Engineer: 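Have a look at the structure that comes next, please.
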Amino acid sequence: MATFVVFDLEFTSWEGALEGDWGGSGQLREIVQIGALRLREDFSVAEEFEVLVRPVVNPRLSAYFSELTGIDQGTVDREGVPPAAALGDFLGFCRGRSVLSYGNDMVVLGENVGWARGRGEEVKNGFLGAHFLNVRPWVNSVAPVTATVNVGRLWKVLGLPEPAAGSEHSALFDCHSFAAALRHLSGAGATLPEGLLGRP
């Protein structure tokens, strides 16, 4: 049965960084958490992926980030892995599949791969083996009520049961919210863009 991937990232942030497009001095969007689900065509979960990543340029998490995500410094220091290893494992998880995000997370992914390679680190697998697509415009067009909410709130604005344990801004929870929204919209008659899920 064909499967596809939905993913979400949590990355370093500071008060006002979003509004300033991360334009402040040293404000790089370094990935701290990657969450992903491999889904079957019926939107059931075939496999989960989750990893914490230790940022390099800004190894100390801001209080704003920790409050937003619930990810604390001690956990990242203990459980986080080097960026190149985390990125390579994730890209391996995606290989040969369509990979959907709710927003331009693939841009942040690309930034982080570039920084790791720029430091001379090997990132295994690479982008060429996967088909990345931002489906937020499609979701917002078929369900306008979603237009102003983040991925972790999709389940709520669509009136769905809470999809998993956890809360928004936790990457894996956000993936479950995303998957629940796709399942709901498909069940209500919306059709994903043709060929999107056609990879094995």
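Everything numeric in this text was worked out from a predicted model, so none of it was measured. Along the sequence shown, the residues carry numbers beginning at 1.
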Engineer: Taking only residues two or more places apart in sequence, or in another chain, which ones meet Val45 in a side-chain contact (heavy atoms from CB on, under 4.5 Å)?
Structural biologist: Leu37, Leu39, Glu48, His176

Engineer: So, the side chain of Asn112 versus the backbone of Glu30: is there a donor-acceptor pair under 3.5 Å, distance only?
Structural biologist: no

Engineer: So Gln33 and Ile71, do their side chains get closer than 4.5 Å, heavy atoms only?
Structural biologist: yes

Engineer: If you measure from CD on Glu111 to CZ on Arg29, what distance do you get to the nearest 0.5 Å?
Structural biologist: 4.0 Å

Engineer: Apply side-chain contact (heavy atoms from CB on, under 4.5 Å) to the pair Leu91 and Leu109, showing each step before the final yes or no.
Structural biologist: CA-CA 10 Å; Leu91 291 171; Leu109 188 68; 4.1 Å; yes

Engineer: If you round to the nearest 0.5 Å, how far is CG of Asp105 from CD1 of Ile31?
Structural biologist: 8.5 Å

Engineer: Give me each pair satisfying side-chain hydrogen bond (donor to acceptor under 3.5 Å, both in side chains) with a member in residues 138-152, each pair once, sequence neighbours excluded.
Structural biologist: Tyr102-Asn140, Arg136-Asn140, Asn140-Thr146, Asn150-Glu168

Engineer: Spell out, yes or no, whether Phe132 and Phe93 are grouped together once hydrophobic residues are joined by side-chain heavy atoms under 4.5 Å, including indirect joins.
Structural biologist: yes

Engineer: Looking at every heavy atom in both Gly35 and Ala171, which two are closest together, and how far apart are they?
Structural biologist: N-CB, 3.4 Å

Engineer: Any side-chain heavy atom of Trp155 within less than 4.5 Å of one from Pro161?
Structural biologist: no

Engineer: Indicate the atoms forming the closest heavy-atom contact of Ser44 with Asp42, along with that distance.
Structural biologist: OG-OD1, 2.6 Å

Engineer: Any heavy-atom pair between the side chains of Leu154 and Val149 that's under 4.5 Å?
Structural biologist: yes

Engineer: Would a hydrophobic clustering, with Ile, Leu, Val, Met, Phe, Trp and Tyr connected at side-chain separations under 4.5 Å, put Leu28 with Val123?
Structural biologist: no

Engineer: Can you confirm if the aromatic rings of Trp22 and Phe11 lie within a centre distance of less than 6.0 Å?
Structural biologist: yes

Engineer: Using side-chain heavy atoms (C-beta onward) and a distance below 4.5 Å, is Phe65 in contact with Trp14?
Structural biologist: no

Engineer: Val6, Val157: one ILVMFWY side-chain cluster at the under-4.5 Å cut-off?
Structural biologist: yes

Engineer: Heavy atoms, side chains only, cut-off 4.5 Å: are Val32 and Thr69 in contact?
Structural biologist: no

Engineer: Using only atom types and a distance under 3.5 Å, with no angle test, would you say the side chain of Ser101 pairs donor to acceptor with the backbone of Asn104?
Structural biologist: no

Engineer: For Glu47, which residues count as a side chain to side chain donor-acceptor pair (under 3.5 Å) partner, sequence neighbours excluded?
Structural biologist: Arg38

Engineer: Please examine the side chains of Val81 and Val51, heavy atoms only from C-beta on, and report whether any two atoms are closer than 4.5 Å.
Structural biologist: yes

Engineer: Looking at every heavy atom in both Phe178 and Leu100, which two are closest together, and how far apart are they?
Structural biologist: CE2-O, 3.5 Å

Engineer: Does any non-hydrogen side-chain atom of Ser98 lie less than 4.5 Å from one of Leu133?
Structural biologist: no

Engineer: Does anything in residues 53-79 pair up under salt bridge (charged side-chain N to carboxylate O under 4.0 Å, His left out), and if so which pairs, sequence neighbours excluded?
Structural biologist: Arg60-Asp77

Engineer: Cut-off 3.5 Å, side chains only: do Arg153 and Ser177 have a donor facing an acceptor?
Structural biologist: no

Engineer: Leu87 and Val53: same hydrophobic cluster, using ILVMFWY side-chain contacts below 4.5 Å?
Structural biologist: yes

Engineer: Hey, any chance Leu158 and Val142 share a hydrophobic cluster, counting ILVMFWY side chains that come within less than 4.5 Å of each other, even indirectly?
Structural biologist: yes

Engineer: Just say parallel, tilted or perpendicular for the rings of Phe7 and Phe90, cut-offs at 30° and 60°.
Structural biologist: tilted

Engineer: Heavy atoms, side chains only, cut-off 4.5 Å: are Pro163 and Phe173 in contact?
Structural biologist: yes

Engineer: Scan for side-chain hydrogen bond (donor to acceptor under 3.5 Å, both in side chains) pairs involving residues 113-129, sequence neighbours excluded, and state none if there are none.
Structural biologist: Arg95-Asn125, Arg119-Glu121

Engineer: Taking side chain to side chain donor-acceptor pair (under 3.5 Å) as the test, write out the residues that go with Asn58, two or more places apart.
Structural biologist: none

Engineer: So which heavy atom on Cys94 is nearest to which on Val5, and how close?
Structural biologist: SG-CG1, 4.2 Å

Engineer: Any donor and acceptor pair, going by atom type alone, linking the side chain of Asp8 with main-chain N or O of Asp174 inside 3.5 Å?
Structural biologist: no

